[in-house]
There are 2 protein chains.
Amino acid sequence: MATIMDVAREAGVSRSTVSRVLNNRGEVDAETSQRVRAAIAKLDYFPNASARALAKQKTDTIGVMLADLSDPFYERMIKGIQQVADQHHYSVAFYNSRDDLTDHRNIVSSALRGNRVDGLLIVGSYIGDSDTVLHLISSGLPIALIERYTDHPSVPCVVCDNVGAAKIATKHLLNMGHTRIGCITGRLDFQSGIDRLMGFREALAEHSVSIDEELIIQGNFQNNCGYRAMLRLMEMSNPPTAVLASNDMMAIGAIRAASELGIGIPEDVAIMGFDDITFAAMIHPQLTTMRQPLFKMGSFAAEQLIHVINHGHSTTRNEATIGAKEVLQAELVVRKSCGSVT
Amino acid sequence: MATIMDVAREAGVSRSTVSRVLNNRGEVDAETSQRVRAAIAKLDYFPNASARALAKQKTDTIGVMLADLSDPFYERMIKGIQQVADQHHYSVAFYNSRDDLTDHRNIVSSALRGNRVDGLLIVGSYIGDSDTVLHLISSGLPIALIERYTDHPSVPCVVCDNVGAAKIATKHLLNMGHTRIGCITGRLDFQSGIDRLMGFREALAEHSVSIDEELIIQGNFQNNCGYRAMLRLMEMSNPPTAVLASNDMMAIGAIRAASELGIGIPEDVAIMGFDDITFAAMIHPQLTTMRQPLFKMGSFAAEQLIHVINHGHSTTRNEATIGAKEVLQAELVVRKSCGSVT
DNA sequence: CTGTTAGCGCGTTCAC
DNA sequence: GTGAACGCGCTAACAG
């Protein structure tokens, strides 16, 4: 593997000059520059990332810590992050936290404190790890939060208005005439799980529909859980005519349950999801759901993080907006699983 | 950020000693070791990854180049890779090639030639990029191939027997009495697409079932494509009674098409998938499919790659097995979409 | 068992 | 416009 020294020798110049043309820093004679470029091409030279990182104290890499990289939920968010990273010529490194506190700490250590990344994007509203995040924030390293919030002014946060979105979803059902509405909740040690349930309750209250606690089944965001919950709901003596699942995974499980029971969707029961994962439009019936702006959430957070890395503070957190967070709105996507408004 | 020098000062020893206890290299006095550890803890010290990589000429990171990190197809494979990497204390960096040749080259440059990774796992059977891969192989850097093959003895490869698997799938249909079987192929510029179609043809031939070319529809592995293909198949005057899709994504699209048409699965038409992605078991009817050993493929390839990195050659490619590749078998998973054998 | 000395490959002052 | 010299933080001989 050729080094910068080899290139310098080949071009008959010093290392510094090669470094200059590499980073187009300072003025270099055009002819000299050409010679250097030729040498680079001839030797098939490529700068060593570690050496560069060590000298510059910068890795040009951002880390992303999330529960499970393979979860389809993250698909659009990851694409958003990657797009922005590409634009700014940053690489991105992924770390699976599995919502495990030990993993969390290890990741933070090896990634951030080991200077593997210039900053870290922390994704997820699991509330069991709050002190890890707080500790991280107080260390002063560049981080940004997605689906999570902090008051600290130098930390950009981007969240979806889960309460509001759940209200919209519920009201959509209400507006279609449903009054017995079941709810399959997410994990209630996740802020998003809590908020969506709250939105559901608020919407019902605002429409003066009394809520039957029996119709609220605690779930965990998993497909099978949605399946089982739906089974329970449907075997009730007085089953709901509509069901709001706290994410698409569970909604898809609920659809499977209803289908197996021969219950028609949406004729017999309407099912509404949340997130709009890619699969939501691929199944039958296509899922009506609240589309989270996941791409935007990812790209925005990445943009903010890179800005903090480069300038030391967030754009949205200037004097006028200290303590502000970026709250994005989800959008109702009407497909087939709840029928159509008449 | 504390450095190794700070720790040395704090503990009253030299940097080398700190380095020794850090890497437990050579014998260090127990008491000294304790002092060093105490200093490390006190200063909250963590070694700088770039510096270490530069000094050791080793990043302890492997790269994974695949078309689209977010594709659910890769879920189990990625988990397999990560598990092995974890065991060997390697990090893994992902690169999306998007099957784009330019991207390919950029990745190879910045990742491998820039010494960001110690080796690269190349995933995918897209045959348009063969020379890139060949070029890479000839460069002598440690790589391993998944879903792809080369004769070069120092390059580990792991593939699934797609031809055999497609035969098993087709025969399953045949054994259930189907003779008019439709086939939705994958992209035919992917080796996997070609092989699965071949297996389909061979199985029919072996059962002396003449094949109606009209029933073979060229697809591209995408959900919508499966949907449209199924629509075409079903509107034929003499539609097939069973359909083999070349992957689950298309099979799921086909199920959606049939469901919308009110065609019963499996009563009116059996649908078989390929891959066994997580969603295959989540939809209605649950998909009967060929389960690729994706976790195994990922873990095995990672194991091999790390071995090549550490020892300079593959375990499976010794004198006795030069030119051998690891061929894993897919497994028939019978669920609901093809009915049950009677 | 431990400290000293040399790099690893590159960016970045400084002089010239 | 260009080169020499130093340092980034760490590992790896080599002495002692």
Side-chain angles (χ1 to χ4, degrees), chain A residues 1-37 39-40 43-61 89 109-118 310, chain B residues 1-37 39-40 43-61 89 109-118 310:
Chain A
M1 207 72 76
T3 76
I4 197 173
M5 197 53 220
D6 300 322
V7 176
R9 238 189 315 264
E10 173 74 25
V13 296
S14 76
R15 294 189 312 234
S16 335
T17 303
V18 177
S19 177
R20 282 190 191 96
V21 342
L22 238 34
N23 307 293
N24 22 277
R25 240 185 173 53
E27 293 305 290
V28 179
D29 183 84
E31 195 270 341
T32 311
S33 174
Q34 271 317 311
R35 273 215 321 283
V36 172
R37 287 179 201 289
I40 289 175
L43 269 49
D44 198 31
Y45 165 78
F46 204 89
N48 180 302
S50 301
R52 182 173 262 181
L54 186 57
K56 293 207 306 186
Q57 295 292 74
K58 188 142 182 349
T59 60
D60 293 324
T61 300
H89 304 290
S109 293
S110 81
L112 264 182
R113 296 176 35 223
N115 276 299
R116 287 175 183 281
V117 299
D118 295 335
N310 293 337
Chain B
M1 206 73 75
T3 74
I4 198 173
M5 199 53 220
D6 299 323
V7 176
R9 240 188 313 265
E10 174 74 25
V13 297
S14 74
R15 292 189 314 231
S16 339
T17 304
V18 178
S19 176
R20 280 187 194 100
V21 342
L22 237 34
N23 307 294
N24 20 276
R25 243 187 166 50
E27 293 305 287
V28 179
D29 182 84
E31 194 270 341
T32 310
S33 174
Q34 271 316 310
R35 274 216 320 283
V36 172
R37 287 179 202 290
I40 289 175
L43 269 50
D44 198 30
Y45 166 78
F46 203 90
N48 180 301
S50 300
R52 181 173 264 181
L54 185 57
K56 294 208 305 187
Q57 295 291 74
K58 189 143 180 350
T59 59
D60 292 324
T61 300
H89 304 289
S109 293
S110 80
L112 265 182
R113 295 176 36 222
N115 276 300
R116 288 176 182 279
V117 299
D118 294 335
N310 292 337

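Because only heavy atoms are used, hydrogens play no part in the values below, and waters and symmetry mates are left out as well, while side chains stay in. A note on names: the letters A, B, ... follow the listed sequences, proteins ahead of strands, and every chain is numbered from 1.
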### Nucleotide C:dG11, atom C1' - distance to CG of A:Asn48 in whole Å
13 Å
### Task
For A:Thr32, report the nucleic acid contact type (base, sugar-phosphate, nothing); a contact means any heavy atom under 4.0 Å.
sugar-phosphate
### Task
Find the distance A:Leu43:CG to C:dC10:C1' and express it as a whole number of Å.
16 Å
### Query
Mapping B:Arg15 and B:Leu54 onto DNA chain C by nearest heavy atom, which one lands closer to the 5' end?
B:Arg15
### Message
Over all strands shown, is A:Asn23 touching base, sugar-phosphate only, or nothing at heavy-atom distances under 4.0 angstrom?
### Response
sugar-phosphate
### Task
Measure across B:Leu112 and A:Met1 and return the closest heavy-atom pair with its distance rounded to 0.1 Å.
O-CE, 4.4 Å
### Query
So, is A:Ser14 near the phosphate of D:dT2, with a side-chain N or O under 4.0 Å from OP1 or OP2?
no
#### Entry: Whole-Å distance separating the CE atom of A:Met1 from the C1' atom of C:dC8
14 Å
### Message
Tell me whether the count of non-hydrogen atoms from other residues, nucleotides or ligands lying under 6.0 Å of CD in B:Glu31 goes above 12.
### Response
yes
### Task
Could you check whether A:Ser19 gets within reach of a base, just the sugar-phosphate, or nothing at all, counting any heavy atom under 4.0 Å?
base
### Summary
Comparing nearest nucleotides in DNA chain D, the 5'-proximal residue of the pair B:Ala51, B:Arg25 is B:Ala51
### Query
Any side-chain N or O of B:Gln57 less than 4.0 Å from the OP1 or OP2 oxygen of D:dT11?
no
### Query
Can you check the A:Met5 CE to C:dG11 P distance for me, whole Å?
14 Å
#### Entry: B:Arg20 side chain, from C-beta outward: closest of D:dG3, C:dT2, D:dT11
C:dT2
### Task
Taking only the side-chain heavy atoms of B:Pro47 (C-beta and beyond), determine which of D:dG1, D:dC10, C:dG11 contains the nearest atom.
D:dC10
### Task
Can you see which heavy atom on B:Leu22 is nearest to which on B:Tyr45, and at what distance?
CD2-CE2, 3.7 Å
#### Entry: Chi angles and distances behind the side-chain contact (heavy atoms from CB on, under 4.5 Å) call for A:Arg15, A:Thr3
CA-CA 10 Å; A:Arg15 294 189 312 234; A:Thr3 76; over 6 Å; no
### Message
Does B:Val13 reach a base, just sugar-phosphate, or nothing at all? Heavy atoms under 4.0 Å.
### Response
sugar-phosphate
### Under 3.5 Å donor-acceptor, A:Arg113 side chain and B:Asp44 backbone
yes
### Query
To the nearest Å, how far apart are A:Arg52 CZ and C:dT12 C1'?
13 Å
### Message
Could you check whether the side chain of A:Ser16 and the base of D:dA4 have a donor-acceptor pair of N or O atoms closer than 3.5 Å, going by distance alone?
### Response
yes
### Integer-rounded Å distance: D:dG1 C1' and A:Gln34 CD
16 Å
### Query
Of all the nucleotides listed (C:dC8, C:dG11, C:dC10), which has the minimum atom distance to the side chain of A:Lys56?
C:dG11
### Euclidean distance, atom CG of residue A:Asp6 to atom P of C:dC8 [Å, nearest integer]
11 Å
### Query
Does the side chain of A:Arg20 come within less than 4.5 Å of A:Val36's, by heavy atoms?
no
#### Entry: Length of the CZ-P vector between B:Arg9 and D:dG9, whole Å
11 Å
### Query
If you check the B:Leu22 side chain, which of C:dT2, D:dT11, D:dT2 turns out closest?
D:dT11
### Message
Given D:dG9, D:dT2, D:dC10, identify the nucleotide with an atom nearest to the side chain of B:Tyr45.
### Response
D:dC10
